[in-house]
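Beneath this line is the structure, given in structure tokens, with notes to follow.
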Amino acid sequence: MSNGISITHVFRCAVLPIMLLCAARGMAANRRFISRVDSILTTRLERMQAKVDSDYIRLPDNVWVFRGLANVGQTSADIRGNYGDSTRYRSNFNTDVRTSMTLTASYRGFVAGFTVNPARWAGRNKDMELYILGYGNRFGIEALLQSANTYSGNIRLYNTKGTLFSSVAIDKGYLSQRGITLNAYYALNYKHFSYPAAFTHAYVQTRSAGSLMFNASYQLNQLTRSNMLYENENLLDRITTNMIGVGAGYAYNFVPSYHWLIHISCLPSFIVFQHNTLHYKDNNSQRMHYTFPEVIIFAQHSTIYSWKNFFAGINMSLHFSNIGQDNIYYDNLTWRMRALFGVRI
């Protein structure tokens with residue numbers, strides 16, 4: 001440059017200080033934002049802790065919780081009914097067993113994580129299962145989203161005397177399923193009983209306690225047959241279920257010692273609204289009649305062992321629903337088992 005002023009000199013004396021000042025202000029703003037978020041989460045947990053009995057439920061001493069989980073699960077469908085007046089049928093189908101790995105991080109009760117399904121990534125199957133959880137001591141909700149394409153099983157035919165006269169093996173590709181199930185609960189004894197203590201580990205249950213649980217469920221599901229086995233235009237094409245249920249169940253946390261927590265719960269919902277339909281290949285459809293009892297059942301078990309800042313254990317869950325009428329009955333069951341290891345920091 002002219003007058004002996006170099007570009008380097010301008011950068012050092014003018015540009016660089018401005019860049020450092022902007023960076024410092026940005027870091028200060030980030031620190032203020034992080035501090036604000038931390039304050040909000042801390043205040044939220046303190047308010048929630050003030051609503052419970054600290055002799056039974058307490059917050060962990062550490063603010064961070066990291067978990068690794070190995071998951072296995074499967075979905076089954078049981079369909080039975082009549083072909084005309086002389087033939088009865090029963091079919092049992094199961095998806096492939098799903099395996100996946102999950103990593104989660106929790107900061108003051110706020111959880112984020114991701115799941116890896118090796119079989120899906122490798123293209124061996126396209127089944128999908130997504131759980132969205134929001135567990136609190138008083139209220140909670142769980143959503144299960146499913147997509148299954150790996151059903152296989154058999155169809156058995158019986159005469160009116162119950163004698164088996166035909167059995168056909170069914171390969172993958174014959175059935176597919178899409179659906180969502182929601183379950184929400186209210187814990188009556190939330191001051192002494194903590195549902196998340198057994199599953200998200202946002203709280204620590206220090207003494208045994210149980211609670212009556214009021215719950216509501218919703219299920220939207222579609223089970224579809226492929227075209228490959230159709231023999232006539234009247235064959236069933238798909239079953240759609242659209243149901244709302246309400247009910248009450250019970251949950252219990254057993255704390256035999258400082259290190260152990262054993263949870264068991266069962267939340268049944270009896271259907272109060274349903275719009276379930278049978279669809280046929282010729283585009284005709286038939287509304288299914290309500291047959292008591294039609295239910296949605298959500299059950300869970302968890303066993304956790306804790307020591308120092310670590311914990312490990314297993315948990316299991318079941319989602320069951322059934323519908324039916326004179327000529328067809330349909331039961332659906334999804335189970336999941338998880339082995340977990342975690343650390344609090």
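Just so we're clear, the structure is a prediction, and the values are computed from it rather than from any experiment.
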Contact summary for [X] and [Y], nearest pair of heavy atoms:
| X | Y | value |
| --- | --- | --- |
| Val168 | Ser166 | CG2-OG, 4.2 Å |
| Asn253 | Ala198 | OD1-CB, 4.2 Å |
| Ser269 | Gly245 | CB-C, 3.7 Å |
| Pro293 | Phe270 | CB-CE2, 4.3 Å |
| Ala197 | Gln205 | CB-N, 3.9 Å |
| Asn215 | Gly249 | OD1-N, 4.0 Å |

With no hydrogens and no angle check, just 3.5 Å: does a side-chain donor-acceptor pair link [X] and [Y]?
| X | Y | value |
| --- | --- | --- |
| Asn315 | Gln300 | no |
| Ser152 | Asp171 | no |
| Asn92 | Arg156 | yes |
| Asn149 | Ser176 | no |

Rounded to the nearest 0.5 Å, what separation is found between the [atom1] atom of [X] and the [atom2] atom of [Y]?
| X | Y | atom1 | atom2 | value |
| --- | --- | --- | --- | --- |
| Leu69 | Ile314 | CG | CD1 | 12.5 Å |
| Arg178 | Thr240 | CZ | OG1 | 14.5 Å |
| Leu144 | Ser317 | CG | OG | 8.0 Å |
| Leu164 | Arg90 | CG | CZ | 12.5 Å |
| Ser211 | Tyr186 | OG | OH | 8.5 Å |
| Tyr290 | Phe273 | OH | CZ | 13.5 Å |

Is it true that [X] and [Y] fall in one hydrophobic cluster, defined by side-chain heavy atoms closer than 4.5 Å?
| X | Y | value |
| --- | --- | --- |
| Ile304 | Phe341 | no |
| Ile155 | Leu223 | yes |
| Ile180 | Leu130 | yes |
| Phe298 | Phe193 | yes |
| Leu278 | Phe93 | yes |

Using modelled atom types and a 3.5 Å cut-off, is there a donor and acceptor pairing between side-chain atoms of [X] and backbone atoms of [Y]?
| X | Y | result |
| --- | --- | --- |
| Ser302 | His263 | no |
| His259 | Tyr305 | no |
| Asn62 | Trp64 | no |
| Glu142 | Tyr135 | no |
| Thr150 | Asp96 | yes |
| Thr206 | Asp55 | yes |
| Asp78 | Asp331 | no |
| Asn242 | His275 | no |
| Thr95 | Thr75 | yes |

For a 4.5 angstrom cut-off between non-hydrogen side-chain atoms, does [X] reach [Y]?
| X | Y | value |
| --- | --- | --- |
| Ile323 | Gln274 | no |
| His319 | Ile297 | no |
| Met337 | Asn71 | no |
| Ile328 | Tyr89 | yes |
| Pro196 | Asn137 | yes |
| Ile296 | Ile271 | yes |
| Thr104 | Phe66 | no |
| Asn276 | Glu294 | yes |

**OP:** Evaluate the side-chain contact (heavy atoms from CB on, under 4.5 Å) criterion for residues Val72 and Trp335: first the C-alpha distance (whole Å), next the side-chain angles of each, then the deciding distance (0.1 Å), finally the verdict.
**Re:** CA-CA 8 Å; Val72 295; Trp335 63 266; 4.0 Å; yes

Original post:
Considering residues, nucleotides and ligands other than Phe165, do more than 12 of their heavy atoms fall under 6.0 Å from its CZ?
Top reply: yes

**OP:** Is it possible for you to check whether Arg336 lies under 6.0 Å from the centre of the six-membered ring of Tyr131, through NZ or CZ, and within 45° of that ring's axis?
**Re:** yes

Original post:
Within 45 degrees of the axis of the six-membered ring of Tyr56 and under 6.0 Å from its centre: does Arg207 put its NZ or CZ there?
Top reply: yes

Original post:
Does the separation of the ring centres of His201 and Phe311 fall below 6.0 angstrom?
Top reply: yes

Original post:
Can you list the steps and then say if His301 with Thr303 is a side chain to side chain donor-acceptor pair (under 3.5 Å)?
Top reply: CA-CA 7 Å; His301 164 75; Thr303 298; 3.0 Å; yes

**OP:** Assess whether side-chain contact (heavy atoms from CB on, under 4.5 Å) is satisfied between Thr163 and Tyr158, documenting all intermediate values.
**Re:** CA-CA 5 Å; Thr163 302; Tyr158 302 84; over 6 Å; no

**OP:** Please step through side-chain contact (heavy atoms from CB on, under 4.5 Å) for the pair Asn221 and Tyr330, ending with a clear verdict.
**Re:** CA-CA 12 Å; Asn221 185 69; Tyr330 169 38; 3.3 Å; yes

**OP:** Take Tyr250 and Met213 through the side-chain contact (heavy atoms from CB on, under 4.5 Å) test and state the conclusion after the steps.
**Re:** CA-CA 5 Å; Tyr250 195 78; Met213 309 282 284; 5.8 Å; no

Original post:
Among Phe139, Phe214, Tyr190, Tyr195, whose ring pair (Phe, Tyr, Trp, His ring centres under 6.0 Å) with Tyr185 holds?
Top reply: Tyr195

